[in-house]
Each structure stands twice: as structure tokens, then as C-alpha cells.
Amino acid sequence: MNNFRKNFVRGVFSLLALSTVACQPSYGSIEFEPLSTPPVAVTVRSFLIEMPEGVAVVVRATPISDGREEYESGDKVDLYSRDRDVMTVHRRDHRREFVLVGVSAGSTCLEVEIDGEPQECIDVEITGASGT
Amino acid sequence: MTRSPNVMNRFLQVSAGVMLAALTTVACDGDDGPAKEGELGVGNFIYRCVGDSDPFCSDGGVADTFPEAIAVGGRFNLDYNQDRDGALPNVIPGSDAVVMDGPSLVLTRAGFAVVLASQGFGDVIDLLHLTGRDVTRIATFTGDSQELITIELEVGERITLEGRPQDENRTTLAGSLDYEWGSDNEAVFEVASADQDESVEVEGVGPGTAQLLVTAGGFTQMIEVEVAGGSTTTDDGEDTGGPETDGSDDDGSSDGGSTDGGSSDGGSSDGDSSDGGSSEGGSDGSGSSSGGE
């Protein structure tokens with residue numbers, strides 16, 4: 001009887017632990033919504049960011065879960081440029097809004113962190129100065 | 001009975017106050033300078049000239065309009081005012097296409113250059129793209145805003161010119177640049193005064209043609225200067241030409257050797273003045289802004 005009780009309790013805890021993990025969103029990608037209109041066309045997609053040097057775009061970044069659980073608004077999103085000589089990222093006072101600035105021509109990637117956990121690095125291409 | 005004029009005065013005062021307030025509100029966009037709304041619509045960027053040589057601030061240091069384009073290398077300033085309450089944001093370069101030069105901003109290359117209005121812990125609240133263009137010509141103007149293709153002077157005449165940096169589309173570019181002015185033949189004309197400024201005084205020295213050289217923003221423009229020796233014109237209209245260095249008169253007209261400078265009235269074309277050929281004539285500045293043309 002005692003063994004049954006022990007096993008039962010273990011089973012319940014295991015199920016709880018499993019359900020806790022299963023309730024976590026699973027990172028799939030990040031969606032960018034442009035909030036500004038740059039003077040030239042830029043590409044801001046979940047797998048590629050492309051813009052000329054000297055140009056900036058303001059985006060809202062929304063993480064997309066590929067599991068059944070979605071990210072909540074309280075989940076913290078951070079974006080970092082791996083090479084600040086090529087692209088810089090500036091925060092806005094609104095959560096999940098960022099200013100992406102093409103600094104000089106080159107390639108780098110944009111690191112995505114959710115709640116402090118690195119998720120992926122999105123390719124970034126900064127092209128030479130655009131004609132005005 | 002006696003209150004009526006007071007009431008009227010009070011009404012006029014209040015009306016004037018309201019109108020002033022309304023005007024101030026409208027002008028507040030620029031806060032005594034031309035403003036352009038930030039791309040996030042939070043507030044306005046205000047253009048400020050630095051120094052005297054910015055062609056957008058010829059009138060008392062305040063620009064009339066927000067520049068369409070700024071010369072590469074030109075110095076300027078931007079302020080930011082926002083519609084909502086809060087501390088004044090800083091305007092900072094967004095990329096190395098625009099850099100700080102002391103308290104001023106300078107564009108380092110042609111193309112777009114983004115500036116950011118930031119506040120608090122560096123949070124960006126607004127941004128603006130500026131357009132930088134290379135100087136590809138320097139237009140030369142007189143006081144009457146007539147662009148000069150060729151400058152025509154009389155000997156001894158002094159004229160004030162103003163250079164304006166332009167791009168290939170002849171759009172005048174904003175920003176303060178350092179100017180260098182020079183003559184390629186000082187026997188024909190001299191640069192009488194220049195202080196790395198956009199304006200210069202040139203003075204006809206002797207008959208002939210020479211080039212005025214002006215450099216700004218890494219570009220050098222040459223403008224032809226034709227100096228006519230008015231007093232050397234003979235009866236048949238033929239100009240004997242050539243600068244006279246010995247001060248002697250070859251035809252009896254008193255064109256050379258004048259040393260008093262007092263007759264440098266510039267623009268004299270009747271041929272009977274005694275001002276020609278004076279190399280120091282006009283040092284008193286008389287006639288210096290006659291405009292020539």
C-alpha cells in the first residue's frame with residue numbers, strides 16, 4: 001500500500017513536471033512589424049534583414065511559438081547586433097519595439113533572446129549608401 | 001461712461017494676447033527655427049545653423065525652411081521638441097554617416113543619414129533621415145540674388161559675392177562650410193577680403209580676364225572675372241587692355257597710378273574717372289557693395 005502511494009505521488013509529480021514543460025512556448029521565429037517608413041525600401045523578415053547604410057527602421061518584434069502555447073506579452077524580447085560596426089539596435093520605451101540602423105556596408109546577424117535565452121541569429125545585410 | 005475706452009483697450013490687449021499666443025503656437029513648431037516632424041510623429045526636429053556660412057541662415061542665423069539636403073562636410077545642429085511632457089531628448093547620430101564635431105553635427109558622406117532623438121536610458125523616441133549630398137558646384141551670387149556666370153568689373157571696382165554650395169540638380173545645400181577664395185591672376189583682380197566665409201569682396205585691379213577660385217566642401221569652382229579698364233577706352237571704343245603697372249598714362253586718361261583710393265567708386269563706365277589702375281584703390285571700402293551688375 002505504501003509502495004502504491006509512493007508511486008502514485010511520483011506519478012502525479014512527474015505529470016505535473018511534464019505539463020509544466022509542455023505549457024512553455026517553444027520558440028519558432030520572430031515576426032517583425034515595421035512601425036516607420038524608411039526613405040528607401042528595406043527588407044525586415046524573420047529570416048533576413050536587409051537595408052542600406054545610414055537608414056533606420058523601427059520594428060515591433062513578436063516571438064512566435066511553434067508549440068501549442070503562445071508567448072505572452074510579459075515575455076521579454078531582446079535583439080542584439082553581433083557586429084555594431086555593421087548594424088546597431090536601439091531600444092524604444094515600448095517593450096518589443098526596436099530601431100534597427102544600418103551603420104556601414106557588411107554582413108552580420110541579429111541575435112534574438114527571449115527571457116534572456118538565446119534563440120537564433122537572423123542574417124543581416126547592410127548595403128552601400130543608397131542614392132538619394 | 002469712462003470705462004468704455006478701458007474696456008476697449010482691455011479687449012484689444014486680450015485679442016492681441018490671443019493672437020500672439022496663436023502665432024507662438026504655430027511658430028512653436030520651429031521654436032524660432034524650421035522644424036520637420038519626426039518619422040514616428042512624437043515631436044519635431046529643428047534645424048539650427050552653425051556659423052555664418054550656412055546659406056539657409058542668411059537672415060539673422062535662423063533658417064526659413066528645413067533643408068532638403070545638407071552638404072557633406074557641412075556643420076549644423078538639430079534640436080528636438082516633443083509634443084508630450086518630459087525632459088528634452090538628445091539628438092544623436094544613428095550611424096557614422098553623421099558624426100558629432102564638437103557640439104555640431106556633420107555629414108560624412110552622401111546618402112541618407114539617420115539621427116535619433118533619445119531619452120532616458122537611451123530609449124529612442126523618434127528619428128529622422130537626413131539627406132547628404134556632395135557639393136558639385138558653387139553658385140556665385142551678388143546681393144540681388146542674381147547668379148553670376150561671369151563677373152564683370154571695372155578697374156578699381158569692388159564687389160561683394162556670395163557662394164552657395166549646390167548639388168548636381170542645383171539644389172542649394174545646407175550646412176556651414178569653410179570657403180577658400182582666390183584669384184589666379186592678381187594683376188587682373190584681387191580677393192579683397194575673405195574669412196573662410198561664404199561671402200567675399202573682389203576688386204578689379206587691371207584690365208583682363210582671370211579666374212576666381214572658390215573651394216568649399218571639397219569642390220573647387222572657377223568663375224571667370226572680366227575686368228574692364230574703363231578709363232583706357234579710346235574714342236573709337238577700343239580698349240587698350242592689359243594691366244598697367246607703371247602707373248603711366250598712355251593716352252592721357254588718368255587711369256593709372258592713382259594712390260588715393262578715394263575714387264574707387266566702382267561701376268564707373270564713362271571712362272573719365274581717375275580710378276583705374278589703382279592697386280590699392282578702394283581700400284576705404286567705398287563702393288564695395290555696389291553690386292557691379
Side-chain angles (χ1 to χ4, degrees), chain A residues 32-44 49-61 76-108 110 113 124-132, chain B residues 36-43 45 67-72 82 84-87 89-99 105-136 166-169 171 173-174:
Chain A
F32 294 113
E33 177 193 356
L35 301 178
S36 69
T37 307
V40 291
V42 301
T43 299
V44 186
I49 294 165
E50 195 172 31
M51 64 173 77
E53 60 186 4
V55 171
V57 61
V58 182
V59 295
R60 179 179 294 128
K76 191 171 178 232
V77 177
D78 284 310
L79 302 178
Y80 301 101
S81 171
R82 193 164 279 179
D83 186 348
R84 292 172 57 84
D85 289 336
V86 175
M87 187 178 79
T88 55
V89 181
H90 301 263
R91 281 200 154 278
R92 297 209 68 218
D93 52 357
H94 304 285
R95 292 175 68 91
R96 297 188 176 178
E97 288 184 11
F98 301 88
V99 184
L100 310 179
V101 182
V103 175
S104 59
S107 302
T108 185
L110 181 68
E113 281 188 13
V124 173
E125 291 290 334
I126 303 299
T127 57
S130 158
T132 58
Chain B
K36 191 169 188 179
E37 187 178 36
E39 292 170 26
L40 295 175
V42 179
F45 288 85
E68 176 188 330
I70 298 171
V72 172
Q82 57 179 326
R84 63 186 184 185
D85 293 335
N90 295 317
V91 177
I92 57 170
S95 74
D96 55 7
V98 54
V99 297
L105 294 167
V106 177
L107 299 188
T108 59
R109 58 174 180 250
F112 291 112
V114 68
V115 288
L116 309 172
S118 76
Q119 203 171 35
F121 297 103
D123 289 344
V124 172
I125 60 170
D126 214 338
L127 75 158
L128 181 69
H129 285 88
L130 305 171
T131 301
R133 298 222 177 103
D134 289 317
V135 177
T136 56
Q166 296 184 336
D167 65 7
E168 55 199 8
N169 300 319
T171 299
L173 303 174

Taking all heavy atoms of B/Leu127 and all of A/Val58, pick out the closest pair and write down the distance. CD2-CG2, 3.6 Å
With sequence neighbours left out, write down each residue that passes salt bridge (charged side-chain N to carboxylate O under 4.0 Å, His left out) with B/Glu68, or none if nothing qualifies. B/Arg133
Any sub-3.5 Å donor-acceptor pair from A/Arg92's side-chain atoms to B/Val124's backbone N or O? yes
With distance as the sole test, does B/His129 use its side chain to make a donor-acceptor pair with the main-chain N or O of A/Val55 at under 3.5 Å? no
Looking at B/Gly94 and A/Thr88, what are the two nearest heavy atoms and their distance? O-OG1, 4.0 Å
Evaluate whether atom CZ of A/Arg84 has more than 12 neighbouring non-hydrogen atoms of other residues, nucleotides or ligands under 6.0 angstrom away. no
Identify the heavy atoms of B/Ser95 and A/Val101 that sit nearest to each other, and give their distance. CB-CG1, 4.0 Å
Strictly by side-chain hydrogen bond (donor to acceptor under 3.5 Å, both in side chains), give each pair with a member in residues 33-44 of chain A just once, sequence neighbours left out. A/Glu33-A/Arg60
Would you compute the distance between atom CG of B/Leu40 and atom CD of A/Glu97 and round it to the nearest 0.5 angstrom? 8.5 Å
